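Notes follow the structure.
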2 protein chains.
Amino acid sequence: MKKEETEKILALLKSEGKRLTSKRALVYQVIQESESHLPAEEIYLRAKAIDPNISLSTVYRTLNILKELGLVRELHLDEEHHHYELVGGTAHYHMICSQCGKVEEFKSKLVERLTEELEKNYGFETKSIHIDFIGLCANCRSKT
Amino acid sequence: MKKEETEKILALLKSEGKRLTSKRALVYQVIQESESHLPAEEIYLRAKAIDPNISLSTVYRTLNILKELGLVRELHLDEEHHHYELVGGTAHYHMICSQCGKVEEFKSKLVERLTEELEKNYGFETKSIHIDFIGLCANCRSKT
DNA sequence: GTCTCTGCAAACTGTTTGCAGGTAC
DNA sequence: GTACCTGCAAACAGTTTGCAGAGAC
C-alpha cells in the first residue's frame, strides 16, 4: 500500500480515535488490489493467505469501519451476502449475467441526467446510486 | 382476490404440479394489496392478521414459489432482509431516504435509453433492472 | 386415496458481539 | 501504561428444511 494512502487512512482513523493496525491495512489492501467487488468471505480468504492469523470477525469489523469512514462501499447485489468495493474511482454500475454470474461494470452519462431529473421532479438529493441490470452477457447470448 | 387472477395463478401452479391453497392465495393477496414492497416478516404479520394459523415458513415457501412462477420479485434494498413486490404493473425504481427511511418510487424514459445503450455497447440483453437512489427526500431536506 | 402442503422446531448462513489476552501509540 | 484491537466461541437475524399430520384434487 502506498505511503500517501496509508497516511490518508491513518488520519481518518485517528479522527475517530481508532488505530491503524496491520490487519486493517491488510483488509484495505485486499479490496484495493482486487479492483472489483468482493464478498466478505473472499476478502477473508485472500487476507488469510497473506496473514494466516487474521479472523473473519476482524474482517467484518474492519469492513464496517472502512464503510463508516467512507472508504469502502457495501453492495447488495442479487445474492445472499454483501459485496464490498473501494469508494473513489469513477462511479460505475453493474450488469449481472443470470446465466454465468459474471458481473461487468459500466458507466453512462444518462445516469447523471436521471439524477437531475429526480432532483427536479421530486426534490430528491442524491448521495449515492446503485444500478444493477440483470440479464444475459454477450458471451452467454452467443452460446444460445 | 379476483376470479381471473385466481385462475391465472391456479394454472401456473398446476403446470408445475403444485396446488392452490388458501395460504398461498393469502400471501399473494397481501402482497398485491400492499401496492408496495414488503419484507417477509411484514407479509407474515399481515397474513396472520387474516389467518392466524399461517406460519412464517409457509410465507417463505410461498414467496419462493411465487418468485419461481415469475409473479413476485425479490428486492435487495439497502437492508439486511429482502423485500417482495408484485411483478407486472409498470416498471419502477426506488429513491430511498437515508434519513427517514422512506422509499419512493419513480420511473423514467431514461432507463429505457440506458437499456438500449448497454445492448449496443456491450451486447447485454436486459431481463430486469434494479435502480436505487440513496439520498435525502424533499421532506427531510427542508427540515435541515 | 394419493401426493402435496403445512406448522413446528431444529438447522443453516451471513454477520455481530462479549470476553480475555495482545498491541498501537 | 492505557485504550483500543484481536481471535475465539457463542449469539444473532433472516431464511431453509425434515418430519408427521392435515388438506387439495
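Labels below follow one simple rule: chain letters A, B, ... track the order of the sequence lines, proteins then strands, and each chain is numbered from 1. The structure presented is a predicted model; accordingly, all values stated were derived computationally and were not measured.
- Rounding to whole angstrom units, CD1 of residue B/I9 and C1' of C/dC5 are separated by 17 Å.
- A/I54 places its CD1 atom 14 Å from the C1' atom of D/dC8, with the value rounded to the nearest Å.
- End-to-end axis angle for the helix from C/dG1-D/dC25 to C/dC25-D/dG1, using five pairs per end and rounding to 10°, comes out at 40°.
- C/dC5 atom P lies 18 Å from atom CG of B/N53, rounded to whole Å.
- Atom pair B/H76:NE2 and C/dG14:C1' shows a separation of 13 Å (rounding to whole Å applied).
- With sequence neighbours excluded, no residue satisfies side-chain hydrogen bond (donor to acceptor under 3.5 Å, both in side chains) with B/K14.
- Contacts of B/H37 classified as ring-ring contact (aromatic ring centres under 6.0 Å, His included), with partners at least two apart in sequence or in another chain: B/H83, B/H94.
- By the salt bridge (Lys or Arg N to Asp or Glu O under 4.0 Å) test, B/K67 pairs with B/E74, sequence neighbours left out.
- In this structure, the side chain of B/R24 engages the main chain of B/R19 through a donor-acceptor pair within 3.5 Å.
- Applying the salt bridge (Lys or Arg N to Asp or Glu O under 4.0 Å) test to B/E105 and every residue at least two apart in sequence or in another chain returns nothing.
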Could you go step by step and tell me if A/H76 and A/H82 meet the ring-ring contact (aromatic ring centres under 6.0 Å, His included) rule? CA-CA 5 Å; A/H76 299 78; A/H82 300 151; 4.6 Å; yes
Under-3.5 Å N/O pairs linking protein and nucleotides 12-19 of chain D:
| from | atom 1 | to | atom 2 | distance (Å) |
| --- | --- | --- | --- | --- |
| D/dT15 | OP1 | B/H82 | N | 3.1 |
| D/dT15 | OP1 | B/H82 | ND1 | 3.3 |
| D/dT15 | OP2 | B/Y60 | OH | 2.1 |
| D/dT15 | O5' | B/Y60 | OH | 3.1 |
| D/dT16 | OP2 | B/N64 | ND2 | 3.2 |
| D/dT17 | O4 | B/S57 | OG | 3.4 |
| D/dG18 | O6 | B/R61 | NH1 | 3.3 |

Encode nucleotides 20-25 of chain D as B, S and - characters from 5' to 3', where the letter depends on protein heavy atoms closer than 4.0 Å: B to the base, S only to sugar-phosphate, - to neither. ---BBS
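- Distance, B/K48 NZ to C/dT6 P: 15 Å, rounded to whole Å.
- Scored by the ring-ring contact (aromatic ring centres under 6.0 Å, His included) test, A/Y93 finds A/F106 as partners (sequence neighbours excluded).
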Table please: side-chain donor-acceptor pairs of residues 116-125 of chain B below 3.5 Å, with sequence neighbours left out.
| from | atom 1 | to | atom 2 | distance (Å) |
| --- | --- | --- | --- | --- |
| B/E117 | OE2 | A/S108 | OG | 2.8 |
| B/E119 | OE2 | A/R141 | NH1 | 3.1 |
| B/E119 | OE2 | A/R141 | NH2 | 3.2 |
| B/E125 | OE1 | A/R141 | NE | 3.1 |

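- Under the rule for a salt bridge (Lys or Arg N to Asp or Glu O under 4.0 Å), B/R61 has no partner lying at least two apart in sequence or in another chain.
- Atom C1' of nucleotide C/dT16 and atom CD of A/E68 are separated by 13 Å, given to the nearest angstrom.
- Listed by chain and number, the residues in a side chain to side chain contact (heavy atoms under 4.5 Å, CB included) with B/L56 are B/E41, B/Y44, B/Y60 (sequence neighbours excluded).
- Hydrophobic cluster of B/I96: the remaining members, joined at side-chain heavy-atom separations below 4.5 Å, are B/L75, B/L77, B/V103, B/I134, listed by chain and number.
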